[in-house]
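Report on one structure; see the data block that follows.
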Amino acid sequence: RVWIWNRYVWYESHMTPFKQGQGPVEAVTMTFRDVDLERKSIKKAAQLATTLNAIFENTKDSILLLDQDFKILNCNTRAQYSFQMASNRIPQIGDDLRPFIFKGLEDEFLSRFSDALEGRGSVTEVAAQSFDGQSFWFQTKFNPVYSENNALLGVSLFARPITDKKKAELALQENEERFRKVIQSSPISIFILDESSKWVEINQHVTKAYGYTLENLAQTPLSAVFPKDWEKLEQFALRPFLEDEDPVELVGNEIVLLRSFQGNWYSVEVSLSAFLLNQRKHWVMLVQDVSKREADARLISEQYQKLSQIAWKQSHVIRSAVAKIAGIVYILGNDEQMKEEEKKEWIQHLQNSTDELDNYVKEIVTWTESSHTLPGL
């Protein structure tokens, strides 16, 4: 390494003795060769090798390079640890990998290894179990590896642990399944929409009560299900999302009209709540049919009218007949000098009043068995 031209330069020097025949050494030849670029290339390659090895060893993936006969050409420490979990033995470079494969995954490994040798890479997620019974999930990648002249060297295998991610996915799937069971078992109709008022989910009560399925709702806008009130409902969807907000209820004087898939109309009460799913606003709509309740209210009102009319009859018409009968009975019982002819006349009045009372009772009985109004009212 010499200082020249205001910089250090690497040279390679060769010194060779010079002599004629078997005589003594007469001189020394000295040759120099500029190896500065070569030295820099070697240094750069060494740094690159160090960097690649650092990446190779510090990645979260298990990395192996296998030849066509399943022999390990190279592997990182994480790969050794991962496959140690399968057999409680550490695979080394030169070993056949097949004895270290997780139990139950042998066929999967051989199939994907064979595909890679034929030039087809693949990615899959597999569940594995260690020799001591622990469960793991891996995402594995098989790819063919070629040399610079495109000759097949073998297969690279990348295995990334995804146990935590998979557990989260399974927990989410379990929660979604539990949620679906809850809404499907609800005795009232439940619609779920996204922030664009597109139908996401319904329960079976919607189909049973109004004929809608998720398939035919895909072509049915909100305005077709609630033709007269859809703007009022969509105003809720446009509101900013607020956590812990109380449900908005459209009840009482705001009875909503729902049009069924068959074209029938129903009076319903609607309760709306918003929630976030995957950072997107959704809203759930609980719909309760109040048509029967309104019919019951009308029936109660009609019965009340009947009772009111009966009460009026009792307080006016029937009491009048009873008063007449009581007066006639009093006269007949206290007038000892009444002539026979006059007595017969009063008895006839008594009979008439009794018949009148009997007719009133019959009218009430007949009226309560039907929905007619009492005569004269």
Side-chain angles (χ1 to χ4, degrees), residues 1-102 109-110 112-123 138-161:
R1 184 167 178 255
V2 298
W3 179 261
I4 186 172
W5 299 312
N6 295 321
R7 64 187 181 93
Y8 284 105
V9 180
W10 283 94
Y11 281 93
E12 181 182 82
S13 64
H14 293 266
M15 295 186 182
T16 306
F18 173 79
K19 58 182 179 178
Q20 295 183 359
Q22 298 297 323
V25 173
E26 297 180 3
V28 174
T29 62
M30 180 179 296
T31 59
F32 291 88
R33 184 169 68 90
D34 185 348
V35 294
D36 193 61
L37 291 178
E38 182 179 333
R39 289 283 297 188
K40 289 180 178 178
S41 297
I42 292 173
K43 183 178 180 181
K44 186 175 181 180
Q47 292 174 341
L48 181 60
T50 301
T51 301
L52 290 175
N53 186 66
I55 295 173
F56 191 69
E57 288 296 336
N58 290 285
T59 180
K60 293 182 179 180
D61 294 349
S62 299
I63 304 175
L64 296 99
L65 177 61
L66 308 174
D67 69 11
Q68 300 181 47
D69 298 318
F70 305 100
K71 296 292 192 299
I72 301 174
L73 298 178
N74 203 352
C75 67
N76 63 359
T77 304
R78 188 171 290 273
Q80 290 179 314
Y81 170 73
S82 297
F83 283 94
Q84 181 187 9
M85 292 190 298
S87 62
N88 201 25
R89 294 183 295 122
I90 300 176
Q92 303 292 336
I93 294 176
D95 287 344
D96 188 324
L97 185 64
R98 285 174 291 186
F100 299 91
I101 301 300
F102 285 92
F109 170 80
L110 294 175
R112 295 187 179 276
F113 187 88
S114 177
D115 288 344
L117 289 179
E118 295 177 5
R120 299 187 299 272
S122 61
V123 180
F138 293 96
Q139 181 191 68
T140 60
K141 298 180 181 180
F142 290 77
N143 287 301
V145 178
Y146 301 94
S147 65
E148 292 182 358
N149 58 1
N150 289 326
L152 181 65
L153 294 178
V155 174
S156 65
L157 172 59
F158 289 76
R160 173 170 296 180

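- The structure places CZ of Phe158 at 4.5 Å from CD1 of Ile63, a figure rounded to the nearest 0.5 Å.
- Of the possible polar contacts, none joining the Ser87 side chain to the Phe100 backbone as a donor-acceptor pair under 3.5 Å is found.
- Shortest non-hydrogen contact noted between Val123 and Gln139 is CG1-CG, 4.0 Å.
- The 12-atom threshold is exceeded at OH of Tyr146, counting heavy atoms of other residues, nucleotides or ligands nearer than 6.0 Å.
- Residues Leu64 and Phe83 come closest through the heavy atom pair CD1-CE1, 3.4 Å.
- In this structure, Ser122 OG and Asp115 CG are separated by 6.0 Å, a value rounded to the nearest 0.5 Å.
- Nearest heavy atoms, Asn143 versus Gly121: OD1-CA, 3.7 Å.
- Annotation: side chain of Asp34 is in contact with side chain of Tyr11 (closest heavy-atom distance under 4.5 Å).
- Pro99 places a side-chain heavy atom less than 4.5 Å from the side chain of Arg89.
- Salt bridge annotation for Lys19-Glu26: absent, with no cationic side-chain nitrogen under 4.0 angstrom from a carboxylate oxygen.
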(Q) Working note: Val28 + Phe18, criterion side-chain contact (heavy atoms from CB on, under 4.5 Å); need CA distance, chi angles, decisive distance, verdict. (A) CA-CA 5 Å; Val28 174; Phe18 173 79; over 6 Å; no
Q: Check step by step if side-chain contact (heavy atoms from CB on, under 4.5 Å) holds for Phe70 and Asp95.
A: CA-CA 8 Å; Phe70 305 100; Asp95 287 344; over 6 Å; no
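- The aromatic rings of Phe138 and Phe102 are tilted relative to each other, their planes meeting at an angle between 30° and 60°.
- In this structure a side-chain-to-backbone donor-acceptor pair under 3.5 Å is present from Gln80 to Pro91.
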Q. Do Gln92 and Ile72 pass the side-chain contact (heavy atoms from CB on, under 4.5 Å) test, and can you show the C-alpha distance, the side-chain angles, and the key distance before you say yes or no?
A. CA-CA 7 Å; Gln92 303 292 336; Ile72 301 174; over 6 Å; no
Q: Just do the side-chain contact (heavy atoms from CB on, under 4.5 Å) check on Leu66 and Lys71 with the steps written out, would you?
A: CA-CA 5 Å; Leu66 308 174; Lys71 296 292 192 299; over 6 Å; no
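- With hydrogens and angles disregarded, a donor-acceptor distance shorter than 3.5 Å links the side chain of Asp96 to the backbone of Arg98.
- In this structure Leu65 satisfies the side chain to side chain contact (heavy atoms under 4.5 Å, CB included) test together with Leu73, Asn74, Val145, sequence neighbours excluded.
- For the pair Leu157 and Phe109, the minimum side-chain heavy-atom distance is below 4.5 Å.
- A donor-acceptor pair under 3.5 Å is absent between the side-chain atoms of Asp67 and the main chain of Val155, judged by distance alone.
- Using modelled atom types, one finds no donor on one side chain facing an acceptor on the other under 3.5 Å when comparing Ser62 with Arg78.
- Enclosure of atom CD1 in Ile90 is not indicated, since only 12 or fewer non-hydrogen atoms of other residues, nucleotides or ligands lie within 6.0 angstrom.
- The shortest heavy-atom contact between Pro144 and Leu152 is CB-CD1, 4.1 Å.
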Q) Hey, mind stepping through Phe142 and Phe113 against ring-ring contact (aromatic ring centres under 6.0 Å, His included) and telling me if it holds? A) CA-CA 7 Å; Phe142 290 77; Phe113 187 88; 7.3 Å; no
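- Arg1 forms a cation-pi arrangement with Tyr8, by the criterion of a distance under 6.0 Å to the ring centre and an angle within 45° of the ring axis.
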